[in-house]
Amino acid sequence: MESTINNYGAESIKVLEGLEAVRKRPGMYIGDTGTRGLHHLVYEVVDNSVDEAMAGFCDKIQVTIHTDESITIQDNGRGIPTDPHPYNGRPTSEVVLTVLHAGGKFGDGAYKVSGGLHGVGVSVVNALSEWLIITIARDGIEKTQRFERGVPVTDLTEGNKADWRGTRIHYMPDREIFEDVHHSLDTLKSRFRELAFLNPGLKISVHDERTNESREYFFTGGIGAFVQYIDKDRNALFDSPIVISGSINNISINAALQYNDGYQEHIYTYANLIHTIEGGTHLVGFRTALTKAINEAARTNKVLKEKEENLTGDDLKEGLTCVLSVKLSEPQFEGQTKTKLGNSEVLGAVNSLVYKELLSAFEDRPEIIRPIVEKAIRARRAREAAKKARELVRKGAMSGMTLPGKLADCSSKHAENTELYIVEGDSAGGSAKQGRDRTFQAILPLRGKILNVEKAHMDKMLANREIQTIITALGCGIGAEFDAAKLRYHKIIIMTDADVDGAHISTLLLTFFYRHMPELLSQGYLYLAQPPLYRVQYGKTINYCYTDKELRYHVDNAPDPSKVTVQRYKGLGEMNPEQLWDTTMNPENRILKQVELDDNLLADEYFDILLGDKVEPRREFIITNAHEVKNLDV
């Protein structure tokens with residue numbers, strides 16, 4: 001191994017182009033300058049360390065969130081080379097940090113397989129940081145260099161003796177670039193857990209100095225353990241997941257799958273450890289192989305009767321949990337988020353290996369084929385029963401037929417300028433209808449709680465009157481038929497009371513949209529309204545407070561607190577139309593929270609816990625998170 005370590009030098013690092021445009025157009029490189037882009041910086045640095053792990057030279061990565069929101073990432077890999085680079089004679093580590101697309105991932109570099117999405121890596125992190133300090137330990141010597149907004153402000157130090165090996169990067173995201181520099185520990189934990197599952201034997205630890213919370217992720221079970229983790233709050237149809245591993249034409253393929261008694265499909269696909277949320281050729285190959293292998297095994301084991309039709313891919317989706325990971329030397333990404341794998345050769349490789357290994361698994365474990373097939377047949381019957389309901393909904397939603405009677409539509413027909421408030425109850429709906437601006441604001445009142453779609457077949461869901469009303473009002477269809485171009489409003493705003501029932505209704509609506517119209521979240525159409533909790537009057541001065549902290553401020557700063565009148569709003573219906581407009585619907589004053597889909601795995605986990613069948617995980621979740629609940633009126 002030592003000779004391989006020493007071969008990782010300047011000649012391994014290839015340079016493609018400069019850094020000039022990164023600070024001018026950061027969104028081109030990290031997606032956006034909001035929360036997603038902020039966390040993308042962490043992922044870029046961690047991915048470099050994971051590349052070292054995949055190459056066999058690193059087994060520990062430590063991440064620290066400091067109290068000032070700066071981030072430190074340290075690994076025990078080989079350490080970025082520091083010798084002069086042929087490109088400009090400067091230290092190779094400086095080239096990696098100051099030149100875009102400089103790294104061991106290009107040409108015949110140091111890595112055969114790399115996890116970095118576009119190879120932009122630490123150079124972009126450096127460009128978008130107020131400051132960055134890199135410390136490299138190689139051959140018993142530690143060297144350090146400081147950068148500010150991508151520019152080196154010191155030379156690489158001569159070095160001191162070191163008792164460790166690897167790379168440490170400490171950086172501060174630039175507040176001139178990012179809208180809000182606040183890292184979410186939950187978001188980072190989910191990604192690190194994912195990486196640890198996908199890299200068995202790699203230990204990833206994170207410490208949050210802000211709360212003194214620490215987590216460590218280390219798994220030896222690989223993606224089989226990953227599937228068991230995803231399904232931990234569900235009832236599995238057979239004991240242990242089917243695990244597939246192999247390589248075809250230098251494409252490494254690993255897959256694990258399990259079936260549960262739920263109604264949702266949970267598939268997580270990865271290419272070079274990048275979560276391909278839009279799927280791609282590896283997913284197509286997997287689905288084709290799964291359908292073919294199950295039908296063949298079902299016929300062989302006489303579980304599927306001779307006169308019965310073959311099961312389709314759609315029949316086999318319900319209750320499926322799968323993790324599919326492929327690694328290849330030159331991944332081609334496409335799609336809206338550049339996370340859809342496009343390599344055509346991957347489809348055949350995955351199809352061939354998964355089909356062969358599934359047949360072998362069914363031969364070794366013939367008892368698992370029956371529960372899979374029986375569930376698929378029930379799913380097929382439910383889908384057929386849903387066709388009539390779907391047709392009715394489709395006609396209303398997609399062909400411009402009569403809109404729901406309870407919908408108070410707006411006069412503007414330009415979707416990009418309009419918004420729909422989904423409101424809890426007729427009382428709040430009445431206030432909202434009277435208080436709104438009719439030119440661009442539409443109101444849809446719901447009567448009671450909508451169906452919990454986490455526990456319902458498609459036919460039952462489509463037969464639900466409130467869900468039919470929502471689908472028809474939006475006009476864009478659901479599931480595979482979703483068409484954003486036909487969406488009638490570009491802001492869909494959930495507006496509920498600030499109490500337990502309101503929170504429950506909001507969660508049910510979010511679950512429906514997440515499961516059946518995820519594009520509303522991923523494309524930024526979905527929002528939560530935040531009505532005030534209190535009306536505070538002192539003399540003729542009236543203030544609306546959205547938190548207890550604001551309430552205390554207004555009460556404490558009144559010359560005579562005894563003359564302050566506080567009204568607690570328990571429901572939207574308690575506000576008259578003018579108050580509702582002023583506080584919650586007027587674009588100049590209101591507070592809207594955009595619902596973003598940053599982490600599918602974390603969202604899946606939360607919805608399963610909150611609305612799934614198992615009570616114990618829900619109880620544990622409530623107990624664990626109770627201290628974070630604010631302003632909950634029971």
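The 12-atom threshold is not exceeded at CG of Asn249, counting heavy atoms of other residues, nucleotides or ligands nearer than 6.0 Å. A 6.0 Å sphere centred on CG of Asn250 holds no more than 12 heavy atoms belonging to other residues, nucleotides or ligands. More than 12 heavy-atom neighbours from other residues, nucleotides or ligands sit within 6.0 angstrom of CD on Glu345. At most 12 heavy atoms of other shown residues, nucleotides or ligands fall within 6.0 angstrom of atom CG in Asp239.
Proximity of a side-chain donor or acceptor of Arg138 to a complementary backbone N or O of Gly79 within less than 3.5 Å is detected. Side-chain N or O atoms of Thr276 include one that pairs as donor or acceptor with a backbone N or O of Thr269 at under 3.5 Å. Between the Asn272 side chain and the Ile274 main chain, no donor and acceptor come within less than 3.5 Å of each other. Of the possible polar contacts, one joining the Asn343 side chain to the Glu330 backbone as a donor-acceptor pair under 3.5 Å is found. Between the side chain of Thr157 and the backbone N or O of Thr144, at least one donor-acceptor pair lies under 3.5 Å. Side chain of Glu44 to backbone of Val125: no donor-acceptor contact under 3.5 angstrom is found.
You'll find the side chain of Leu198 reaches within 4.5 Å of the side chain of Val323, heavy atoms only.
The closest side-chain donor-acceptor pair between Asp68 and Ser70 falls under 3.5 angstrom. No side-chain donor-acceptor contact under 3.5 Å links Gln258 and Gln228. No side-chain donor from either of Thr67 and Glu209 sits under 3.5 Å from a side-chain acceptor of the other. Between the side chains of Glu194 and Tyr217, no donor N or O sits under 3.5 Å from an acceptor N or O. Side chains of His66 and Thr72: a donor-acceptor N/O pair is present below 3.5 angstrom, by distance only. Side-chain atoms of Asp208 and Ser214 include no donor-acceptor pair closer than 3.5 Å.
Taking the charged nitrogens against the carboxylate oxygens, Arg90 and Asp155 do have a contact shorter than 4.0 Å, which makes a salt bridge. Look at Arg515 and Glu454 and you find a salt bridge, because one of the NZ, NE, NH1 or NH2 atoms lies within 4.0 Å of a carboxylate O, short of that distance. Using a cut-off of 4.0 Å between Lys/Arg side-chain N and Asp/Glu carboxylate O, Arg168 and Asp75 are scored as not salt-bridged. Comment: Arg165 does not engage Glu142 in a salt bridge, judged by the lack of any side-chain N to carboxylate O separation of less than 4.0 angstrom. Salt bridge status for Glu216 with Arg193: absent, with no side-chain N to carboxylate O gap under 4.0 Å. A salt bridge links Asp47 and Arg191; the closest N-O separation between the charged side-chain nitrogens and carboxylate oxygens is under 4.0 Å.
Taking the ring centroids of Phe197 and Phe219, they lie under the 6.0 Å cut-off.
Atoms OG1 and OH, on Thr288 and Tyr355 in that order, are 12.5 Å from each other to the nearest 0.5 Å.
Ring geometry for Phe238 against Tyr259 counts as tilted: the plane angle lies between 30° and 60°, on a 0 to 90° scale.
For the side-chain hydrogen bond (donor to acceptor under 3.5 Å, both in side chains) test, residues two or more places apart in sequence or in another chain that qualify with Asn76 are Asp59. Annotation: side-chain hydrogen bond (donor to acceptor under 3.5 Å, both in side chains) contacts of Asn199 (sequence neighbours excluded): none.
Judged by the 6.0 Å and 45° rule, Lys232 forms a cation-pi pair with Tyr229.
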